[in-house]
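Read through the structure below, which is laid out as structure tokens, and then see the notes.
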Amino acid sequence: YAVITDEKSLRKDSITSEHIYPKVAIVDPVLTTGLSVRLTIDTGLDVLSHAMESMFSKIRNSFTEILALEAIRTVFQWLPVCVKEPENIEARGEMAFASTLAGIAMSHCCGTLPHGLGCPLSGHFGVPHGLAVGVLQKYGILSMGHTCDDECQRIISFVNPEENCKREESGEILLQMIDELFNTIGCEKDLKEYHLDEEGIERMVEDAVIHGCTGLHPVEITKEDIRNIVIANYLEKGHIYDSIAITIFLSVLGYILGGGLDIMIDEDKSFIVVEYIILIILLILVVIREQLDYIVEQKTLLDLKKKKDKS
């Protein structure tokens with residue numbers, strides 16, 4: 001594959017041709033030992049995403065499944081080690097091997113919804129590709145319903161042979177495993193810091209709908225599905241109010257430290273500090289807004305889960 005980004009439309013897409021297939025590829029893990037923790041996490045999640053989506057693609061096959069399963073198991077075992085011990089050459093070698101396996105698998109059966117949505121996120125808003133597709137894995141799994149429970153169960157059994165899960169519970173358990181991996185490597189689970197705007201989201205949704213990987217998702221995905229996922233994870237409508245609140249907060253704090261206004265209420269110099277009351281109110285407002293964001297995200301998860309249960 002070759003990935004291209006149209007700088008005018010901000011559309012990010014890939015092309016493939018026999019003329020750009022490498023005859024030989026040298027994968028040297030030593031070259032990755034200098035990667036930062038951020039790059040190690042992002043690229044590691046991209047490996048996981050390539051392998052996971054190869055398991056669920058409409059055109060998956062037995063060959064790609066073997067490669068994908070080994071890559072997934074390797075990522076769960078060795079990515080945390082790479083993050084904790086960047087110079088560990090054994091861990092870097094294992095992740096390089098997993099990357100190669102997952103890359104071959106994906107080159108045969110492509111990605112699914114996470115890549116279909118992740119590419120527009122990178123093109124329009126500069127979200128690191130690996131982080132975007134990694135965070136989106138949970139929504140890809142939820143949106144599939146019970147369609148791919150067999151594949152989820154095989155992943156779980158391959159990664160952790162001691163896990164004896166029921167078929168209908170496999171999706172939930174796989175989601176828990178991914179969540180635990182994110183906790184272990186210290187990775188954020190949403191992309192709200194990128195502050196997407198609504199106009200950009202509409203353009204991105206249009207790009208995601210026509211992306212080739214979206215069409216290979218095992219279940220049909222609508223524009224509304226995509227829009228809801230983005231809003232729950234990336235559109236932080238209150239971020240402008242955060243900026244205002246922070247500005248007021250710092251101003252009031254500076255006023256206090258500079259000996260600001262105190263309201264005296266008796267002769268003993270007892271007083272109520274107006275500024276502290278304002279600070280408390282501002283903090284309460286910020287907490288309320290964060291809770292509203294959380295409610296929106298949970299509603300989207302619930303909607304996807306209902307769709308999953310119906311399937």
Side-chain angles (χ1 to χ4, degrees), residues 1-3 13-18 21 25 43-77 79 95 97-119 129-130 132-161 163 165-175 177-178 181 208-222 225-226 229 304 307-308 311:
Y1 289 96
V3 178
D13 214 332
S14 58
I15 58 175
T16 182
S17 166
E18 61 181 17
Y21 288 159
T43 54
L45 292 178
D46 198 22
V47 174
L48 179 65
S49 300
H50 289 168
M52 293 279 285
E53 293 169 56
S54 294
M55 287 292 297
F56 303 131
S57 169
K58 284 182 179 178
I59 56 175
R60 61 190 181 274
N61 57 65
S62 299
F63 174 70
T64 57
E65 179 173 311
I66 293 172
L67 300 175
L69 284 172
E70 181 60 33
I72 293 170
R73 178 170 65 180
T74 303
V75 171
F76 272 95
Q77 180 178 352
L79 179 56
M95 282 301 298
F97 181 56
S99 177
T100 303
L101 295 179
I104 295 173
M106 191 177 185
S107 70
H108 281 78
C109 57
C110 298
T112 57
L113 175 63
H115 266 77
L117 182 50
C119 287
H129 174 73
V133 295
V135 168
L136 285 165
Q137 289 305 309
K138 61 181 177 181
Y139 295 95
I141 294 171
L142 279 169
S143 67
M144 294 187 303
H146 290 290
T147 303
C148 291
D149 279 357
D150 288 336
E151 286 75 15
C152 290
Q153 192 172 39
R154 287 201 292 277
I155 291 173
I156 295 166
S157 298
F158 203 82
V159 174
N160 185 7
E163 182 71 51
C165 70
K166 297 179 181 179
R167 179 184 180 279
E168 62 273 15
E169 298 175 349
S170 58
E172 293 295 329
I173 294 176
L174 184 55
L175 287 172
M177 290 170 58
I178 294 173
L181 176 65
V209 169
I210 64 174
H211 195 282
C213 289
T214 304
L216 291 174
H217 199 58
V219 299
E220 182 181 356
I221 295 295
T222 66
D225 291 332
I226 294 174
I229 290 172
L304 287 173
K307 185 174 182 179
K308 172 183 173 69
S311 68

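No hydrogens, no waters, no symmetry mates; every other heavy atom, side chains included, goes into these values.
- Side-chain atoms of R73 and L69, non-hydrogen and from C-beta on, never get closer than 4.5 Å to each other.
- You'll find the side chain of C148 reaches within 4.5 Å of the side chain of P218, heavy atoms only.
- Summarising the local packing, CZ of F97 is surrounded by 12 or fewer heavy atoms from other residues, nucleotides or ligands at distances under 6.0 Å.
- With no hydrogens or angles considered, a side-chain donor-acceptor pair links Q137 and E53 at under 3.5 Å.
- The shortest non-hydrogen separation linking S57 to C109 is OG-O, 2.7 Å.
- Atom-to-atom distance recorded for N160:CG and Q77:CD is 11.5 Å, nearest 0.5 angstrom.
- Shortest non-hydrogen contact noted between G130 and L45 is O-CB, 3.5 Å.
- Separation of atoms CZ (R60) and SG (C110) is listed at 13.5 Å; rounding is to 0.5 Å.
- Contact detail for I141 and G171: the closest heavy-atom pair is CG2-O, 4.1 Å.
- L113 is not listed as a side-chain neighbour of L136, based on a closest heavy-atom distance of 4.5 Å or more.
- What you find for S143 and G140 is that their closest heavy atoms are OG-O, 2.9 Å.
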Could you go through the side-chain contact (heavy atoms from CB on, under 4.5 Å) check for C119 and H129 one step at a time?
CA-CA 7 Å; C119 287; H129 174 73; 4.0 Å; yes

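- D46 places a side-chain heavy atom less than 4.5 Å from the side chain of V133.
- Listed for the S157 side chain is no donor-acceptor partner under 3.5 Å among the backbone atoms of R154.
- Using a 4.5 Å cut-off on side-chain heavy atoms (C-beta onward), E151 and M144 make no contact.
- With values rounded to the nearest 0.5 angstrom, L174 atom CG is found 13.5 Å from E169 atom CD.
- The shortest distance between side-chain heavy atoms of L67 and S54 does not fall below 4.5 Å.
- For F76, the side chain to side chain contact (heavy atoms under 4.5 Å, CB included) partners two or more places apart in sequence, or in a different chain, are L48, I72, V159, M177, I178, L181.
- Residues Q153 and K166 fail the side-chain proximity criterion, which asks for heavy atoms closer than 4.5 Å.
- Note that CE of M106 and NE2 of H115 are 3.5 Å apart. Values are rounded to the nearest 0.5 Å.
- Nearest approach of C165 to I156, heavy atoms of both residues: SG-CD1, 3.8 Å.
- Annotation: the span from I173 atom CD1 to E168 atom CD amounts to 9.5 Å, rounded to 0.5 Å.
- Ring planes of H108 and F63: perpendicular class, angle over 60° (limits at 30 and 60°).
- Listed here is the closest heavy atom pair of A71 and A51: CB-CB, 3.8 Å.
- Residues F56 and I155 meet the side-chain proximity criterion, which asks for heavy atoms closer than 4.5 Å.
- One distance of note links CE of M95 with OG1 of T74; it measures 8.0 Å at 0.5 Å rounding.
- Between the side chains of T222 and D225, at least one donor N or O sits under 3.5 Å from an acceptor N or O.
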